[in-house]
Trainee: 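One structure, pasted below without further comment.
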Protein chains: 2
Amino acid sequence: MNLTNAWNILKDNGFKETSKRNQILELFANDERYLTARDLLDVMQKDYPSMSYDTVYRNLATFVSLGILEETELSGERHFRMQCESDHHHHHFICMDCGKIKEIPVCPMDMLGAALPAYEIANHKFEIYGKCPECK
Amino acid sequence: MNLTNAWNILKDNGFKETSKRNQILELFANDERYLTARDLLDVMQKDYPSMSYDTVYRNLATFVSLGILEETELSGERHFRMQCESDHHHHHFICMDCGKIKEIPVCPMDMLGAALPAYEIANHKFEIYGKCPECK
DNA sequence: AAGGTAAATCGTAATCATTATTATTAGAAA
DNA sequence: TTTCTAATAATAATGATTACGATTTACCTT
């Protein structure tokens, strides 16, 4: 996902182009790490001192619902990052030091074909945590 | 994990036997679902109207650190349940309706033997969410 | 270009889960 | 029983997130 794609999706769904929205998206486009609402606010208040939490959270919710951002919960806080480009389902290794991620092409659900008959599976979560080569 | 085991561990580590502690453990022993701090408090305040959050959270932290309870994050809230009896590493299916769990004997890390060389893996999370046969 | 309208934002307060603080109570060892 | 210390109660503080009324802005229409 890049800036252009994101704006196409937003426009298609009737969302207006605002400078705040654009800067939030730019921050994600230039950062492969997972970021919190506070991370965003801290950076953005340099350019827009009046930026409020409401604006940040409202836009994050919009972006997630449109599939522009993906979200996960790390140590009790919601974290966001650009939706991956790769078109096939995958999971993530997340570095607990620098926050960078690495795609894991394997999905454990592939092995569980008939392991849960009678169960209705809605979704699943698989994440690996540790240190990336640079941080080790 | 059962009550007796839990108390053995607590005693071995110098923790005192109190009625609050015992009731918290009994609630977990009789409920296979994941519970929140609020779930516990709501039930326990019937017997102990003066029960406070501090007591609940402090004991939850103790129990988790001693391996009596296990913890996971579900929709932004910390949830707890008795540590499973099974001695070998596994994961969980969690019913989003009734909260009951089912053990999944497969671990995706088994498939990732040399998939992450140079990475230091600290831990991982694999959970499946959906509806159990009774709730479907 | 000007005006109208709904969306977006601001400023701030409220809420919810969790943690911290201080005084008091209660296990359990001597 | 006395004493020591862990455990608890009551309450306040914190931090993330959500809500709300007032204001501003994007953008559509004329």
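Order of the sequence lines fixes the chain letters, A, B, ..., with proteins taken first and strands second; residue numbering starts at 1 for each chain. If you're wondering where the values come from, they're calculated on a predicted model, not measured in any experiment.
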Trainee: Using the side-chain heavy atoms of K16(B), tell me which of these nucleotides is nearest: dT18(D), dA10(D), dA7(D).
Mentor: dA7(D)

Trainee: Considering only dA16(D), dA7(D), dC10(C), which nucleotide approaches the side chain of E77(A) most closely?
Mentor: dA16(D)

Trainee: Any side-chain N or O of T55(B) below 4.0 angstrom from OP1/OP2 of dA9(D)?
Mentor: yes

Trainee: Of all the nucleotides listed (dA9(D), dT17(D), dA26(D)), which has the minimum atom distance to the side chain of Y53(A)?
Mentor: dT17(D)

Trainee: What about the rings of F28(B) and F80(B), do their centers lie closer together than 6.0 Å?
Mentor: no

Trainee: With sugar-phosphate meaning primed atoms plus P, OP1 and OP2, does S52(A) contact a base, only sugar-phosphate, or nothing at under 4.0 Å between heavy atoms?
Mentor: base

Trainee: Q23(B) has an atom CD; how far is it from atom P of dT8(D), in whole Å?
Mentor: 12 Å

Trainee: Return no unless some side-chain N or O of R58(B) is found under 4.0 Å from OP1 or OP2 of dA7(D).
Mentor: no

Trainee: Do we see a donor-acceptor contact under 3.5 Å between the side chains of H124(B) and H91(B)?
Mentor: yes

Trainee: Counting only side-chain nitrogens and oxygens, does Y57(B) get under 4.0 Å of the OP1 or OP2 atom of dT18(C)?
Mentor: yes

Trainee: Starting at atom CG of N22(B), determine the distance to atom P of dT8(D), rounded to an integer number of angstrom.
Mentor: 11 Å

Trainee: Starting from P on dA17(C), measure out to CZ on R78(A) and report it in whole angstrom.
Mentor: 15 Å

Trainee: Of the listed nucleotides (dA8(C), dT18(D), dT8(D)), which one gets closest to any side-chain atom of R21(B)?
Mentor: dT8(D)

Trainee: Considering only side-chain heavy atoms of D54(A), which listed nucleotide, dA7(D), dT9(C), dA8(C), is closest?
Mentor: dT9(C)

Trainee: Below 4.0 angstrom from OP1 or OP2 of dA17(C), is there any side-chain N or O of R38(B)?
Mentor: yes

Trainee: Any side-chain N or O of T18(A) under 4.0 Å from OP1/OP2 of dA26(D)?
Mentor: no

Trainee: Test R38(A) against every option in L35(A), L41(A), D42(A) by the side chain to side chain contact (heavy atoms under 4.5 Å, CB included) rule and name the one that passes.
Mentor: D42(A)

Trainee: Starting from C1' on dA9(D), measure out to CG on N59(B) and report it in whole angstrom.
Mentor: 13 Å

Trainee: Between P on dT25(C) and CE on M51(B), what's the gap in Å once rounded to a whole number?
Mentor: 17 Å

Trainee: Nearest of dA28(C), dA7(D), dC27(D) to any side-chain atom of K11(B)?
Mentor: dA28(C)

Trainee: Indicate whether the side chain of E17(B) and that of N22(B) have a donor and an acceptor atom separated by less than 3.5 Å.
Mentor: no

Trainee: Does the structure place the NZ or CZ of K20(B) under 6.0 Å from the centre of the six-membered ring of Y48(B), at an angle of no more than 45° from the ring's axis?
Mentor: yes

